[in-house]
Amino acid sequence: MNPVSPHRFRRSLLHFSLWTGILSSGLASAAAGLPPGLSTAVSQIAAQQAQLAAPVPVYNGEFGYSLAVDGDTAVVGMPNTDTGAAYVFVRDGGAWNLQATLAASDGQIDDGLGHSVAIYGDTAVVGAPATATRTGAAYVFVRTGTIWSQQAKLVSPDSESAQFFGRSVAVAGDTAVVGSPMASHAGVAETGVAYVFVRKGSNWSKQARLLASAPEAFSNFGNSLAITGNALIAGAANADVGGLRDTGAAYVFVRTGTAWSEQAKLTAADGAAGDNFGYSVAISGNTAVAGAPGADGTENENPGMGAAYVFDREGTAWSQRAKLVGMPEEPDALLGHSVAIAGDLLIAGSPYANASGKLAGGAAYVFTRDGAGWSQRDRLTVDVTEGNDELFGWSVAVSGGAALAGAYGTDIGDAGMAGAAYAYALPNTQSTLNVLPPAGGTITGDPAGIDCGGACRGGFVTGTSVTLKADPVSGYSVSGWTGCDNVDGNTCTVNMHTDKIVAAIIEPPVVPGPLPQARLSVVKAGEGTVSSLPGGIACGDVCTASFNAGSKVTLTAVPAEGYKFKGWSGAGCETRGKKPCTVKLKKARAVKAKFIRKAR
């Protein structure tokens with residue numbers, strides 16, 4: 001079997017050769033040197049729970065081509081069957097049970113639905129990059145109870161064909177990102193684009209069109225995507241760096257309000273031509289990972305071993321922390337073809353590794369972080385009785401103590417390359433919730449761990465939903481939150497898929513300041529008095545007073561003995577006789593009151 005099946009649309013953006021055979025059937029020996037940040041300590045921490053397969057295995061269906069998991073729910077793509085499909089599984093103890101089959105309402109043959117998948121809570125996004133002359137689409141599905149239904153079809157806002165919109169997808173909360181890596185920009189071919197969509201209610205709309213800071217031809221920006229909160233990472237696996245072809249890069253974008261801006265361009269410190277850095281990406285809190293399946297192993301040995309590069313953010317600056325390679329090393333294993341991270345646990349797929357005595361049986365490497373260093377903790381493989389080229393590790397996903405690895409080349413019964421996915425139980429990872437101390441109140445959490453005023457930082461099992469409640473002191477009020485997944489007045493819900501920072505905006509009581517004033521003057525002719533309501537003018541003596549601007553002042557005239565009141569003039573008071581005058585004080589005004597002697 002050829003490792004890259006001859007499909008009708010481009011399955012791989014790698015420009016280096018994907019080998020039709022692996023020369024050595026044994027496991028290569030580990031290189032003596034190690035890159036900074038990587039320890040050789042290896043133990044077994046993962047326990048295989050289940051093999052997942054399509055309810056009806058299909059020849060060449062490629063179930064497991066794509067994977068995503070969030071807590072106890074996994075989505076598995078199967079793009080090469082008719083229109084394509086995605087399957088939802090839920091975990092119950094150690095068992096994974098099929099919950100739903102996701103299909104496009106307008107699906108057509110060869111759409112490739114399931115080429116990419118993403119899930120967050122009760123929302124799944126499934127890419128179909130071959131729809132409509134390969135323009136592509138992405139479908140949003142939502143779960144109510146145990147029932148899944150299509151909520152939206154996302155399409156490229158640009159009319160260009162052959163964009164492969166949907167080749168990559170990512171979702172977090174009410175934000176979805178869709179990659180269109182073959183799209184052109186300003187006449188430059190295949191620069192690649194990523195589109196950000198946001199949901200309000202059940203409606204989705206475009207929020208941003210993202211490009212690399214210096215778009216270049218055939219860099220295929222957006223071939224991989226990942227998002228967490230207000231930060232996302234997009235791979236450009238075929239970008240040239242320093243004049244080296246297809247070295248690859250990845251770009252970090254952050255959102256402020258509704259605006260997205262590029263924060264960093266990530267490249268490998270030892271990048272070389274053909275590394276395809278950014279072929280896969282993942283992000284969790286302030287840590288980003290980029291797979292480089294074409295990279296050499298340690299000390300430039302074992303060409304094509306592949307690697308996963310880890311970057312950490314401090315403030316707004318990103319720096320490389322480690323280059324991770326699997327032990328034992330071997331050439332042409334393509335580690336980094338897929339990557340996933342949750343807190344301090346990272347998984348990198350190596351689909352062409354020789355494993356279980358099989359050529360290209362595939363492997364997935366589990367790494368954990370202790371302080372600033374990373375250690376390999378496990379090497380996951382599957383033992384299949386017949387055949388080679390299972391391509392285990394083609395796709396990987398991890399969340400809340402669950403890890404999955406796709407093996408789309410696996411035969412199921414008589415269905416060759418029907419594909420499978422394998423689920424593992426891992427030690428629960430921890431994600432940190434930081435709550436910024438509020439002025440004018442306290443914040444408590446459920447489950448326990450946050451009591452801010454006092455403890456404003458807590459660790460929770462990755463995937464846990466934490467409810468925060470703000471309790472303002474007397475007279476203060478909660479006007480909003482930042483960093484929450486859902487907000488309901490004084491309550492905020494945070495899904496701990498990764499490290500989170502949350503703040504409640506607690507406002508002090510409003511103390512009214514002095515109102516602007518306007519002056520009213522009364523000019524008398526003859527003998528008599530003028531008074532005002534509200535009080536202030538008693539003319540006779542006080543004929544000028546200030547009142548709140550915009551207020552209405554009513555003047556009343558009382559003639560002296562032997563006089564009568566003839567009328568008002570000025571400031572809109574043009575009355576005769578004894579009627580009072582009402583003045584609206586938008587600005588300083590003057591009114592004349594005229595008294596005349598009575599006839600004798």
Side-chain angles (χ1 to χ4, degrees), residues 68 70 118-121 123 125 138 140 152 154 156-158 165 168-181 183 185 192-201 203-215 221-236 249-266 278 281-290 311-318 341-342 431-436 468 479-487 492-505:
D70 184 16
I119 184 170
Y120 187 98
T123 300
V125 181
V140 181
L154 307 179
S156 172
D158 301 323
F165 177 94
S168 57
V169 295
V171 63
D174 292 321
T175 302
V177 193
V178 183
S180 191
H185 174 71
V193 177
Y195 298 91
V196 180
F197 297 86
V198 293
R199 174 172 54 191
K200 186 174 183 180
N203 297 316
W204 290 83
S205 60
K206 188 192 83 169
Q207 185 176 69
R209 181 179 190 265
L210 305 181
L211 295 156
S213 50
F221 172 91
N223 66 265
S224 58
L225 290 169
I227 184 172
T228 178
N230 290 317
L232 69 84
I233 182 171
Y251 297 82
V252 178
F253 293 82
V254 294
R255 174 170 53 189
T256 304
T258 59
W260 289 85
S261 59
E262 184 181 310
Q263 187 175 69
K265 176 182 179 180
L266 308 182
V281 293
I283 189 168
S284 176
N286 290 315
T287 302
V289 186
F311 296 79
D312 287 338
R313 174 172 55 185
E314 294 182 4
T316 59
W318 290 83
I341 186 172
S431 294
T432 300
L433 176 58
N434 285 287
V435 178
L436 301 183
L468 300 175
S479 63
W481 293 82
T482 61
C484 302
D485 292 291
N486 292 290
V487 173
C492 153
T493 302
V494 185
N495 296 318
M496 294 303 298
H497 305 271
T498 183
D499 295 342
K500 295 287 185 75
I501 299 174
V502 172
I505 304 170

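Along the sequence shown, residues carry numbers from 1.
Side-chain contact check for V196 versus L232: some heavy-atom pair is nearer than 4.5 Å. Residues S284 and T228 have side chains not in contact (no heavy-atom distance under 4.5 Å, counting atoms from C-beta outward). At a threshold of 4.5 Å between non-hydrogen side-chain atoms, the residues D70 and N495 do not count as touching.
In this structure, OH in Y195 is found 3.5 Å from CG in D158, a value given to the nearest 0.5 Å. In this structure, OG1 in T493 is found 8.0 Å from CG in L468, a value given to the nearest 0.5 Å. The CG atom of D485 sits 4.0 Å away from the NZ atom of K500 when rounded to the nearest 0.5 Å. For the atom pair OG of S213 and CZ of F253, the computed distance is 7.5 Å after rounding to the nearest 0.5 Å.
Of the possible donor and acceptor atoms, none in the side chain of Q263 sits under 3.5 Å from a partner among the backbone N and O of V254. N223 places a side-chain N or O within donor-acceptor distance of the main-chain N or O of G278, the cut-off being under 3.5 Å. Under a 3.5 Å cut-off, the side chain of S180 and the backbone N or O of V193 do not form any donor-acceptor pair.
F197 and V178 make their closest contact through CE1-CG2, 4.1 Å (heavy atoms, listed as atom of the first residue, atom of the second, distance). Heavy atoms only, all atoms of each residue included: A208 and W260 are closest at CB-CD1, 3.7 Å. In plain terms, the two heavy atoms of K206 and P157 that are nearest each other are CD-CG, 3.4 Å. Across all their heavy atoms, A138 and F165 have their closest contact at N-CE2, 3.8 Å. Nearest approach of V169 to V125, heavy atoms of both residues: CG2-O, 3.7 Å. Smallest separation of non-hydrogen atoms from G179 and L225: N-CD1, 3.2 Å.
A search for salt bridge (Lys or Arg N to Asp or Glu O under 4.0 Å) contacts involving R199 returns D174, not counting sequence neighbours. Residues forming a salt bridge (Lys or Arg N to Asp or Glu O under 4.0 Å) with D312 (at least two apart in sequence, or on another chain): R321, R369. Partners of N286 under the side chain to side chain donor-acceptor pair (under 3.5 Å) rule, at least two apart in sequence or in another chain, are R313.
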